[in-house]
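This report refers to the structure that appears directly beneath it.
Per chain, numbering begins at 1; letters A, B, ... match sequence-line order.
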Amino acid sequence: MFIYKKLIDNMKIGYPCINKSIGCTSNSTFRLKSYSESLMIEKIQNNLNCLKKILEFNLSNGILFFRISSDIIPFASHPICTFDWKNYFSNELKQIGEFIKQNNMRISMHPDQFVILNAKNQEIIDKSIKELMYHCELLDTMELDETAKVQIHVGAEYGDKKNSIIRFIQNYQMLPPIIKKRLVIENDDIKYSLKDCIKINLETGVPILFDVFHHNCLNNNETIKEAIELCIKTWVKKDGLLMVDYSQQSPDGKKGKHIESINQLDFEKFLIETRGLDFDIMLEIKDKEKSALQALKIKNKINLYQ
DNA sequence: AGTTGTCAAGCTAGT
DNA sequence: ACTAGCTTGACAACT
């Protein structure tokens with residue numbers, strides 16, 4: 001019993017990108033047409049100020065896991081951006097990183113669907129690598145260790161999963177170390193299941209971030225517990241704990257649509273089912289920190305009564 | 001001030 | 001061949 005308590009207490013719970021209660025956004029951007037260096041500076045400054053506020057809010061509420069928005073540096077990987085944001089904001093980024101480390105917080109990032117490492121078109125691969133470089137350089141400039149991860153999906157299928165997986169593996173192997181040390185892949189809900197991700201892991205060693213909701217949509221009959229056990233094996237010590245994305249089906253939406261607010265009973269069941277396994281949870285639920293706070297309460301309740 | 005069309009990027013399924 | 005949806009907010013142009 002003591003061991004269970006210790007393990008579940010290690011668990012960090014968080015939410016992605018947006019805080020709905022403090023009245024600022026850390027993903028303010030602009031139209032490409034209105035690009036200028038001064039606008040760039042203004043937006044980044046605004047985004048970093050807000051990120052600090054969000055992290056402070058999180059800390060005072062016990063939320064120790066957060067996904068930083070890819071928009072925090074707008075157009076960072078676009079050819080139009082020649083602005084040296086790393087250098088210009090290095091002190092500020094370092095400071096935020098220091099705050100994160102001092103308070104034992106965890107960070108992830110999630111570039112969007114345009115990052116296709118297994119694309120057939122070399123230009124798309126090149127752009128994808130640029131985008132990954134931006135994410136990794138941001139985390140490096142913040143001086144965060146390798147437990148801060150950048151998660152992507154395996155990518156496209158082009159009606160030929162076997163060769164698309166082979167292309168992923170080949171392209172992964174050519175990535176620079178700065179990306180490799182942070183990149184993790186996530187099982188998706190339509191194409192690449194956990195089983196597919198494991199195939200890739202065996203060839204590359206890339207850790208697998210487990211998405212509970214996606215697994216419920218697409219799986220090979222592994223239970224959630226079995227699946228998490230499999231994923232944990234793909235993370236080594238320097239990677240930190242397994243990251244798990246958690247969401248639930250929206251009752252009024254199409255299959256795959258995320259729920260508006262957490263179903264507390266289902267979440268409690270999930271925690272009990274996986275009790276004893278060590279991981280951090282990112283709640284991909286639309287009301288953001290509100291559900292994260294509820295999840296935290298449920299976690300604490302389970303700790304109390306076990 | 002409020003409303004609404006549109007936004008860097010790609011793939012996929014559906015028309 | 002073409003477009004909406006992904007997932008969604010928020011910019012920016014228009015009333």
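- To the nearest whole angstrom, the two P atoms, one in dT3(B) and one in dT8(C), are 23 Å apart.
- The nearest whole Å value for the distance from the OH atom in Tyr15(A) to the C1' atom in dT7(C) is 18 Å.
- Distance check: Glu229(A) CD to Lys225(A) NZ gives 5.0 Å after rounding to the nearest 0.5 Å.
- Comparing the P positions of dC11(B) and dG9(C) gives a spacing of 25 Å, expressed to the nearest Å.
- Using atom P as the reference point in both dT7(C) and dG5(B), the two lie 23 Å apart (nearest Å).
- Rounded to whole Å, the distance from OH on Tyr134(A) to P on dA9(B) is 17 Å.
- Atom C1' of dT6(B) sits at a distance of 15 Å from the matching atom of dT3(C), rounded to the whole Å.
- The 12-atom threshold is exceeded at NZ of Lys238(A), counting heavy atoms of other residues, nucleotides or ligands nearer than 6.0 Å.
- The nearest whole Å value for the distance from the CG atom in Asp112(A) to the C1' atom in dA8(B) is 10 Å.
- Here Phe66(A) and Tyr15(A) bring their ring centres to under 6.0 angstrom of each other.
- Per the geometry, NE2 belonging to His110(A) stands 15 Å off P belonging to dC6(C), to the nearest Å.
- Taking atom CD1 of Ile73(A) as the reference point, atom P of dA8(B) lies 18 Å away to the nearest angstrom.
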Between Ser291(A) and Asp287(A), does the side chain to side chain donor-acceptor pair (under 3.5 Å) criterion hold? Intermediate values first, please. CA-CA 6 Å; Ser291(A) 284; Asp287(A) 66 4; 2.5 Å; yes
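- The local environment of OH in Tyr35(A) is crowded, with over 12 non-hydrogen atoms from other residues, nucleotides or ligands closer than 6.0 Å.
- Both tests hold for Lys161(A) against Tyr192(A): distance to the six-membered ring centre under 6.0 Å, angle to the ring axis within 45°.
- There is no path of hydrophobic side-chain contacts, each under 4.5 Å, that joins Ile152(A) to Ile166(A).
- The aromatic rings of Tyr246(A) and Phe267(A) stand perpendicular to each other, their planes meeting at an angle above 60°, with 30° marking the opposite boundary.
- As rounded to the nearest Å, dA8(B) and dA12(C) have P atoms that lie 9 Å from one another.
- Cation-pi geometry between Lys52(A) and Phe99(A) is not met at under 6.0 angstrom from the ring centre and within 45 degrees of the axis.
- With values rounded to the nearest 0.5 angstrom, Leu293(A) atom CG is found 10.5 Å from Ile262(A) atom CD1.
- Within residues 24-32 of chain A, the residues approached by DNA chain C to less than 4.0 Å at the level of any non-hydrogen atom are Thr25(A), Asn27(A), Ser28(A), Thr29(A), Phe30(A), Arg31(A), in residue-number order.
- When the side-chain nitrogen and oxygen atoms of Lys286(A) are compared with OP1 and OP2 of dT7(C), none of them lie within a distance under 4.0 Å.
- Between the NZ atom of Lys33(A) and the P atom of dG5(B) there is a distance of 16 Å, given to the nearest Å.
- Remark: DNA chain C takes part in the stems B:1-7 with C:9-15, B:10-15 with C:1-6, each of 3 or more antiparallel Watson-Crick or G-U pairs, criterion distances under 3.5 Å.
- Summarising the geometry, the separation between CD1 on Ile54(A) and P on dG9(C) is reported as 14 Å, rounded to the nearest angstrom.
- Both Leu39(A) and Lys20(A) lie near DNA chain C, and the one whose nearest nucleotide falls closer to the 5' end is Lys20(A).
- Aromatic ring centroids of Tyr134(A) and Trp85(A) lie under 6.0 Å apart.
- Tested against Lys181(A), the residues Asp140(A), Asp145(A), Asp239(A) include a single salt bridge (Lys or Arg N to Asp or Glu O under 4.0 Å) partner, Asp140(A).
- Between Asp287(A) atom CG and dT8(C) atom C1' there is a gap of 15 Å when expressed in whole angstrom units.
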Provide a list of protein-nucleic acid N or O atom pairs under 3.5 angstrom, restricted to nucleotides 10-14 of chain B.
| residue | atom | partner | partner atom | Å |
| --- | --- | --- | --- | --- |
| dC11(B) | OP1 | Tyr158(A) | OH | 2.6 |
| dT12(B) | OP1 | Glu157(A) | N | 2.7 |
| dT12(B) | OP1 | Tyr158(A) | N | 3.0 |
| dA13(B) | OP1 | Lys191(A) | NZ | 3.0 |

